[in-house]
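Okay, so here's the structure we're looking at.
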Number of protein chains: 2
Amino acid sequence: MLAVAFTSDEHIEAPRPANANPRKPSGLLSQLTGGTPRVVDAKDHVFREGDPATSVYRVESGHVCLYRLMPDGRRQVMDFAYPGDFIGLGALGHHAASAQATEKTRLCAFAVATFREIARNQPSLSLNLYEAVSQELQATREMLMNVCQRTALERVASFLLELSRRNERRGEAAHDIVLPMTRTDIADFLGLTIETVSRTFTKLRQDGVIDLEQCILVSIRDPQKLEGLSGGRVERNA
Amino acid sequence: MLAVAFTSDEHIEAPRPANANPRKPSGLLSQLTGGTPRVVDAKDHVFREGDPATSVYRVESGHVCLYRLMPDGRRQVMDFAYPGDFIGLGALGHHAASAQATEKTRLCAFAVATFREIARNQPSLSLNLYEAVSQELQATREMLMNVCQRTALERVASFLLELSRRNERRGEAAHDIVLPMTRTDIADFLGLTIETVSRTFTKLRQDGVIDLEQCILVSIRDPQKLEGLSGGRVERNA
DNA sequence: CGAAGGTTTGACATTAGTCAACTCCGGTGG
DNA sequence: CCACCGGAGTTGACTAATGTCAAACCTTCG
């Protein structure tokens, strides 16, 4: 059963706070209940590129890495989905990306057919869908900018700042970051090699900008300096 | 007045031919009539990053370059809009990119408020909106892949092939390409410098893959070789 | 004809990638 | 308990690709 609670009346032009999570839709979508639970182990796939897009998923716990492959094996990580984020939303017919859990992950599946059913009767939901995908589009364009125009150092710096802001939005410690992904995932996300990512982390540590207790624990010691190194924030929804 | 003709009944899962134009929505959107005409000269802006998104536009003739700027002036071109393409669709509240005509361009403006009005009563239209933005999302992800994972030569080759396919879809000569944008636009689109773009064109010419009559006229002499140099196509909607 | 803007070309500098060795950590089994 | 193994991460030396700077070359347009 799919239940929707109606509380919001803002639509297309509704502005949204600049620090809102672009992949965590507000409005009706976030209030969906009654999906089918699903658990996947680390490295398992939720779906793969080309699979028929029969469901969308909300991440309940754990993390999911969304990526695409080139024929020769080069990989581009498109996004990392955190708890509360939806994955599979922008698919038309077939998934255009693969979704792989970076650790044991719980999800909640909603059938696309049910979505369509509801959308027919409730224009509000389809507008929310539109908004959710638009948010995702903004985020992807932002990323295009981040990755294509920035140097390795700037990419890593903005990556860390982005994770920091994500923590902040979730009410967690802004400057203590747990990386739920490997260096390989980060490298494929930022369009760099693992060696370059590693060297850049080391440089940031040596310069006193971050601490690196274990390789998955980053704490930001000098947020201002990190901001400066990031090449300037490109404001979402500006 | 905004008129919509209803002919299509396929929605979210409807697959779409692989060579469909991702920015030229099928269904209701393409059949919109009654928008407000607007003409902009070469280098004029249709809208700028941060402007309130009050209208969406359909390009009637000419070409529009969509880009974003970083604080220090670096520029990322997100897309080039051709006649029939919609621009401004994914905006939420404010435009996230600037839209600049590369030549004298005629547009047709549709008020966002009117869209919302219709969408309230016609779920089909909001689903079409959803699909249109989803298409745009796919295209942007594709581009992320193209630009982040490919070498300069591969980027230029796929760029030319993409333009060739666009010609084909419009029923024009697939192998004779008129570039409606400057080298600077291409460079900022592909994440390269104008020098690298220029050198790459020269190399393709010297290798007999393309002809370069004037700098805006490219003809593809060896499509197979160009395809090979592009590093493999990443199929849309795969 | 001359100026301006866009394009091409060359010499050189810099960044990031490649290849290879080494380290660190966690898990497994003797 | 400890040794070994494998995977992930780090570091170093070297290479290749792309960017930078500068000059020359076209076109177009006044």
Side-chain angles (χ1 to χ4, degrees), chain A residues 41-43 65 70 72-77 100 102-104 146-157 159-160 177-207 210-218 229 231, chain B residues 41-43 65 70 72-77 100 102-104 146-157 159 178-207 210-218 229 231:
Chain A
D41 283 329
K43 310 219 174 180
C65 171
M70 281 178 56
D72 62 2
R74 277 176 284 184
R75 190 175 76 130
Q76 177 68 49
V77 171
Q100 182 181 37
T102 66
E103 60 188 307
K104 185 170 179 177
N146 284 345
V147 180
C148 299
Q149 296 297 323
R150 293 180 199 245
T151 65
L153 181 60
E154 290 173 333
R155 291 182 212 188
V156 172
F159 175 68
L160 291 176
I177 299 170
V178 180
L179 299 175
M181 69 291 276
T182 66
R183 292 286 186 275
T184 304
D185 290 334
I186 299 176
D188 289 346
F189 183 64
L190 299 178
L192 301 169
T193 59
I194 53 172
E195 292 96 330
T196 301
V197 171
S198 181
R199 273 188 258 269
T200 308
F201 272 122
T202 302
K203 178 166 172 30
L204 287 172
R205 180 167 48 71
Q206 285 170 348
D207 293 357
I210 62 171
D211 272 344
L212 254 177
E213 329 269 322
Q214 305 156 42
C215 58
I216 65 159
L217 274 180
V218 179
L229 293 172
Chain B
D41 283 330
K43 311 221 172 177
C65 171
M70 281 179 54
D72 62 3
R74 276 175 286 184
R75 190 175 76 131
Q76 177 67 49
V77 171
Q100 182 181 37
T102 66
E103 60 189 305
K104 185 172 179 177
N146 283 345
V147 180
C148 299
Q149 297 296 324
R150 293 178 199 247
T151 65
L153 181 60
E154 289 172 334
R155 291 182 213 188
V156 172
F159 176 68
V178 181
L179 300 175
M181 69 293 276
T182 66
R183 293 285 185 275
T184 305
D185 290 333
I186 299 175
D188 289 346
F189 183 66
L190 299 178
L192 301 168
T193 59
I194 52 172
E195 291 94 330
T196 301
V197 171
S198 181
R199 274 187 258 269
T200 308
F201 273 122
T202 302
K203 177 165 172 31
L204 287 172
R205 180 167 49 73
Q206 284 169 349
D207 293 356
I210 62 171
D211 273 344
L212 253 177
E213 329 268 323
Q214 304 155 43
C215 57
I216 64 160
L217 274 181
V218 179
L229 292 173

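For A/Asp41, there are no side-chain hydrogen bond (donor to acceptor under 3.5 Å, both in side chains) partners two or more places apart in sequence or in a different chain. Judged as a side-chain hydrogen bond (donor to acceptor under 3.5 Å, both in side chains), and not counting sequence neighbours, the contacts of B/Arg75 are B/Asp185, B/Asp188. In this structure, the side-chain contact (heavy atoms from CB on, under 4.5 Å) partners of B/Gln206, at least two apart in sequence or on a different chain, are B/Thr202. In terms of the side-chain hydrogen bond (donor to acceptor under 3.5 Å, both in side chains) criterion, B/Arg183 has no residue partners (sequence neighbours excluded). Remark: A/Thr196 pairs with A/Thr193 by the side-chain hydrogen bond (donor to acceptor under 3.5 Å, both in side chains) rule, at least two apart or across chains. Considering only residues two or more places apart in sequence or on other chains, B/Phe201 meets the ring pair (Phe, Tyr, Trp, His ring centres under 6.0 Å) condition with none of them. Every residue meeting the salt bridge (Lys or Arg N to Asp or Glu O under 4.0 Å) condition with B/Glu154, not counting sequence neighbours, appears here in chain and number order: A/Arg74. By the salt bridge (Lys or Arg N to Asp or Glu O under 4.0 Å) test, A/Lys203 is found to be paired with A/Asp207, residues two or more places apart in sequence or in another chain being considered.
Judged by closest nucleotide on DNA chain C, B/Ser198 is the one of A/Leu192 and B/Ser198 placed further toward the 5' end. Mapping B/Gln206 and B/Lys43 onto DNA chain C by nearest heavy atom places B/Lys43 at the nucleotide closer to the 5' end.
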Using a cutoff of under 3.5 Å, can you pull out all pairs of nitrogen or oxygen atoms linking the protein to nucleotides 24-30 of chain D, with atom names and distances?
none

Please list each protein N or O that sits under 3.5 Å from an N or O in nucleotides 14-16 of chain D, with the distance.
none

Polar pairs (N or O, both sides) under 3.5 Å between protein and nucleotides 21-23 of chain D?
{"unit_1": "D/dC21", "atom_1": "N4", "unit_2": "B/Glu195", "atom_2": "OE2", "d": "3.0"}

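Regarding A/Ile194, its CD1 atom lies at a distance of 8 Å from the C1' atom of D/dA8, rounded to whole Å. Whole-Å rounding puts the A/Lys203 NZ to D/dT10 C1' distance at 16 Å. One can place CD1 of A/Ile210 at 14 Å from C1' of D/dT10, the figure rounded to the nearest angstrom.
Residue A/Arg155 is out of contact with every strand shown, counting any heavy-atom pair closer than 4.0 Å.
Using modelled atom types, no side-chain atom of A/Thr102 and backbone atom of A/Cys65 make a donor-acceptor pair closer than 3.5 Å. Between the side chain of A/Arg155 and the backbone N or O of A/Leu190 there is at least one donor-acceptor pair closer than 3.5 Å. Here the side chain of A/Glu213 pairs no donor or acceptor atom with the backbone of A/Val218 at under 3.5 angstrom.
Contact record, A/Met70 with B/Gly231: CE-O, 3.5 Å, taken as the closest heavy-atom pair. What you find for B/Thr184 and B/Ile194 is that their closest heavy atoms are CA-CG2, 3.4 Å.
Taking a heavy-atom distance under 4.0 Å as the criterion, the stretch of DNA chain C touched by chain B extends 5' to 3' from C/dG6 to C/dA11.
Taking side-chain N and O atoms only, A/Thr202 has a distance below 4.0 Å to OP1 or OP2 of D/dT11.
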